[in-house]
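Everything numeric here is computed off the predicted structure, so don't read it as measured data. In what follows, every chain begins at residue 1, and chains take the letters A, B, ... in the order their sequences are listed.
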Protein chains: 2
Amino acid sequence: MLKEERQKYILDQVHLHHRVLLNDLSDALNVSIDTVRRDVKELDQEKKLKKVHGGATSFGFMTFTKDDGNIYLKSKKISIAEKTVSLLSDGQVILMSGGTTNMEVAKLIPKKLVLTVFTPSLHVAMALLEHENVEVIFLGGKLLHDAKFAVGGTVVNALSQLRVDMCILGTGYLDAKFGLTEFDWEVIQVKQAMIRAAKKTVILTVSDKLHSVQKYKTCDMTAVHTLVTELDPSDPLLDTFRPFELVLV
Amino acid sequence: MLKEERQKYILDQVHLHHRVLLNDLSDALNVSIDTVRRDVKELDQEKKLKKVHGGATSFGFMTFTKDDGNIYLKSKKISIAEKTVSLLSDGQVILMSGGTTNMEVAKLIPKKLVLTVFTPSLHVAMALLEHENVEVIFLGGKLLHDAKFAVGGTVVNALSQLRVDMCILGTGYLDAKFGLTEFDWEVIQVKQAMIRAAKKTVILTVSDKLHSVQKYKTCDMTAVHTLVTELDPSDPLLDTFRPFELVLV
DNA sequence: GCAAAAACAGCAAAAACTTGCAAGATTTCG
DNA sequence: CGAAATCTTGCAAGTTTTTGCTGTTTTTGC
C-alpha cells in the first residue's frame with residue numbers, strides 16, 4: 001500500500017468521523033502504529049488535520065456555535081466582520097445567516113447605514129435591532145434549540161419569494177474541492193435557499209475552517225462570489241481557492 | 001476517548017445549560033472526577049468557560065431582558081407567571097405574545113413539559129429555547145425595534161392558518177367597558193389574529209393595568225376566556241370584570 | 001464551628017510519543 | 001544494468017503525557 005493511499009484514507013476517516021484513533025488506523029491499514037503516527041504528523045504539518053494525543057481530529061471539530069470566549073478566534077472574527085461591513089452600501093437589501101461571525105457584522109454596521117436585512121437567526125436579528133436605520137425582517141419557522149436558527153419549509157418558502165442584493169453566510173466549512181459544507185441537514189436547506197434568493201453570495205470564514213469538510217454540502221465554490229477571511233489575500237493557504245472566480249477580501 | 005472529545009462535550013454542555021457539575025460530567029464521560037477537573041481547569045485557562053466550585057459556568061451568559069428594576073412589579077409578574085404555567089399541560093400547542101410577563105412564563109415552564117409554542121416575540125422565543133422539550137416556532141415578519149416583536153401581513157397570514165389550544169397575551173391594558181387595548185396599531189393586528197387562531201384566550205396583566213385604556217382596541221372582554229392577575233379572585237378591584245364569563249386565576 | 005463536599009498536590013502505572021537505527025524497497029544516474 | 005543514494009517502514013529504548021488514586025487542605029452549608 002502506498003503512502004498516499006494511506007494518507008487519503010486517514011483524511012477520509014477524519015472528515016467522516018471528525019476524529020480518529022491512531023490504533024484504529026494502524027489496525028485498518030495493517031501498518032505499524034509508527035507509520036500511522038508519521039503520516040498523521042505530516043498531514044498535521046500540511047494543515048489537513050489536527051494531530052492530538054492518541055489520534056487526530058478535523059479542524060471544524062473544536063468550534064462552536066456560541067461565542068466561546070476564545071479571544072484569539074474572536075479578534076479574527078472581528079477583523080472579518082470589519083471587512084464585510086465595508087462591502088455594504090446604503091439602501092441595500094441583504095440576507096444574513098447566523099453564527100458568531102455574522103453577529104460581529106451585525107454589531108459593526110454603522111449607525112448611519114440604511115439597510116433592509118432578512119435573517120433566520122435570533123441572535124443576528126437581536127443585534128440588528130440595535131440599529132435605528134436597519135429594517136429587520138425575521139424569516140420565521142421552527143427554531144433549532146442550539147443554533148437559535150429558524151429552519152423548515154416556511155423559511156425556504158419565504159426565501160423563494162425574495163431577490164436580494166447580497167447574501168452573507170457565516171460559520172461555513174470550506175474546501176476548494178467539496179465546496180461549502182455543514183453538519184445539519186435542515187440548515188443547508190435554508191442556506192441553499194438563501195443563495196438562490198441573492199444576486200451575490202458572500203462567505204465569511206475564519207482560516208481555521210478553510211480546508212475542512214462536514215457531512216452535507218450547501219454549494220460548490222463556483223456559487224460563491226466573495227470570500228472574506230482574516231488572512232491576507234496573498235496567503236498561500238488560500239491558493240486552492242484561486243481557481244474559482246472569487247473576490248478575496 | 002480522546003481528550004479533545006471530552007473537552008468538546010464539556011463545552012457543549014456548558015453552552016447548553018450555562019452550568020455543569022463536575023460529578024455529572026465524570027458520570028457521563030466515564031472518567032474520574034480528577035480528569036474532569038483537569039479538563040475544566042484547562043478550558044478555564046483557555047478562557048473557554050468559567051470554573052467555579054463544584055462545576056463550571058459559561059461566562060458571556062446574562063439575562064436577555066433588561067430588568068426594569070422594579071422589584072414589586074417583578075414579583076407580581078412572577079406570581080402571575082406561576083399561575084399561568086399551571087394552566088398548561090403536556091402536548092398542547094399554544095401561542096404566546098411578548099412582554100415581560102410572558103417572558104416570566106417562558107422562563108418558568110417546567111423542564112419536563114412538552115409543548116409546541118408559536119410566538120412573534122424575539123425575547124420569548126429566546127427564553128423558550130432554553131427548554132429541551134418545547135418546540136418553538138417563530139412567526140416571522142418585520143420586527144419592531146423597541147418591542148422586538150414581529151408584525152405585519154406575514155405574521156397575520158401565518159396565524160390565519162393555525163388553530164391552537166390556547167393563546168397567552170401579555171402586557172395588555174384592560175378595562176371592563178373598553179376591553180383590551182394597545183398603543184400600537186400594528187401590534188393589535190397581530191394580537192387579533194392570535195385570538196382568532198386560538199380556542200382559548202388567556203390574558204396576563206398586573207393589577208396596575210386593570211381599568212386602563214389605550215388608543216387602539218384589540219378585542220372586547222367577551223373574547224377573553226381567562227384572566228390572570230396577581231390579585232386574589234375575590235379582590236373587589238376585579239368586580240367590574242365579573243359580568244363577563246371569565247375564569248379569574 | 002463542624003461535618004461534608006470539593007479542590008489540590010504528589011505519586012505511580014499505563015498509554016502515547018520521540019528518537020535512533022537497521023532492513024528492505026525505490027529511485028537516480030553513470 | 002547495477003551500485004549508490006534516498007526513502008519507507010518497523011522495532012526498541014528512553015521520555016513525556018495522561019489518568020486514577022491517596023492523603024491533605026480548602027470551601028461550603030448548616
Side-chain angles (χ1 to χ4, degrees), chain A residues 1-64 68-70 72-73 208 211-212 236, chain B residues 1-63 71 75 78 111:
Chain A
M1 169 167 278
L2 281 123
K3 191 167 87 166
E4 301 214 339
E5 288 181 276
R6 277 203 318 270
Q7 300 200 351
K8 167 140 177 41
Y9 177 83
I10 294 172
L11 274 179
D12 284 347
Q13 288 297 306
V14 167
H15 287 150
L16 199 57
H17 300 116
H18 306 302
R19 58 144 251 196
V20 79
L21 304 179
L22 295 192
N23 276 319
D24 292 351
L25 288 174
S26 148
D27 259 14
L29 294 165
N30 273 316
V31 289
S32 78
I33 189 106
D34 299 73
T35 304
V36 172
R37 211 189 296 288
R38 271 185 279 249
D39 282 335
V40 169
K41 197 175 185 176
E42 272 184 45
L43 292 171
D44 177 79
Q45 279 160 359
E46 293 168 30
K47 302 267 189 243
K48 299 207 173 145
L49 50 70
K50 180 128 183 271
K51 187 178 175 310
V52 298
H53 198 94
T57 68
S58 72
F59 272 109
F61 186 76
M62 284 301 286
T63 53
F64 304 93
D68 46 16
N70 185 334
Y72 186 58
L73 201 56
D208 310 49
H211 311 104
S212 67
Chain B
M1 167 165 277
L2 294 168
K3 191 170 83 166
E4 278 69 20
E5 288 181 277
R6 276 201 320 267
Q7 300 198 351
K8 174 168 164 50
Y9 177 84
I10 293 171
L11 275 178
D12 281 347
Q13 288 298 306
V14 167
H15 286 150
L16 198 58
H17 300 116
H18 304 303
R19 53 152 247 177
V20 282
L21 305 179
L22 296 192
N23 274 320
D24 293 349
L25 289 174
S26 149
D27 255 16
L29 293 165
N30 273 317
V31 290
S32 78
I33 190 111
D34 296 74
T35 303
V36 171
R37 207 189 298 288
R38 272 185 278 247
D39 281 335
V40 168
K41 196 174 184 177
E42 270 185 46
L43 292 171
D44 177 80
Q45 278 161 358
E46 291 168 31
K47 303 269 190 248
K48 293 192 176 167
L49 51 70
K50 182 139 179 254
K51 189 177 174 312
V52 296
H53 198 92
T57 65
S58 106
F59 60 158
F61 172 68
M62 47 204 85
T63 48
I71 297 170
S75 71
I78 288 178
K111 292 282 168 199

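As a whole-Å value, the separation of Lys41(B) NZ from dA6(C) P is 17 Å. The CD1 atom of Ile33(A) sits 13 Å away from the C1' atom of dC11(D) (whole-angstrom rounding). Across the protein-nucleic acid pair, Arg37(A) atom CZ and dA12(D) atom C1' stand 13 Å apart, rounded to whole Å. Leu25(B) places its CG atom 14 Å from the P atom of dG20(D), with the value rounded to the nearest Å. Atoms CD (Glu4(A)) and P (dT26(C)) sit 14 Å apart, rounded to a whole Å. Between Leu21(A) atom CG and dA15(C) atom C1' there is a gap of 12 Å when expressed in whole angstrom units. Going from atom CG of Asp39(B) over to atom C1' of dT18(D) covers 10 Å, rounded to whole Å. Atom CZ in Arg38(B) sits about 8 Å away from atom P in dG20(D), given to the nearest Å.
Residues His53(A) and Lys3(B) form no side-chain contact, since every pair of their non-hydrogen atoms from C-beta on lies 4.5 Å or further apart. At least one side-chain heavy atom of Thr35(B) sits less than 4.5 Å from a side-chain heavy atom of Arg6(B). Using a 4.5 Å heavy-atom threshold, the side chains of Leu49(A) and Ile10(A) count as touching.
Among the protein residues, Val52(B) comes within range of the sugar-phosphate backbone only, with heavy atoms under 4.0 Å from sugar or phosphate atoms but none that close to a base. Nucleic acid contact class of Val40(A) (heavy atoms, under 4.0 Å, all strands): none.
Between Val20(B) and the choices Val14(B), Val36(B), Leu11(B), the side chain to side chain contact (heavy atoms under 4.5 Å, CB included) rule is met once, by Val14(B).
Distances were taken from every side-chain heavy atom of Lys3(A) (C-beta onward) to each of dT9(D), dT18(D), dG10(C); the shortest belongs to dT9(D). Distance from the side chain of Asn23(B) is smallest for dA6(C) among the nucleotides dA6(C), dG20(D), dA16(C). Comparing dT27(D), dC21(D), dC17(C) by their nearest atom to the side chain of His53(A) picks out dC17(C).
Base pairing of dG2(D) is made with dC29(C), judged by Watson-Crick or G-U wobble geometry with both donor-acceptor distances under 3.5 Å. Pairing for dA13(D) is with dT18(C), a Watson-Crick or G-U wobble pair whose two hydrogen-bonding atom distances lie under 3.5 Å.
When each of Glu42(A) and Asp34(A) is assigned the nucleotide of DNA chain D with its nearest heavy atom, Glu42(A) is the one assigned upstream, toward the 5' end.
Distances shown here put a side-chain N or O of Thr35(A) below 4.0 Å from the OP1 or OP2 atom of dG10(D).
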Arg19(A) vs Glu5(B), test: salt bridge (Lys or Arg N to Asp or Glu O under 4.0 Å). Steps then yes/no.
CA-CA 8 Å; Arg19(A) 58 144 251 196; Glu5(B) 288 181 277; 2.5 Å; yes
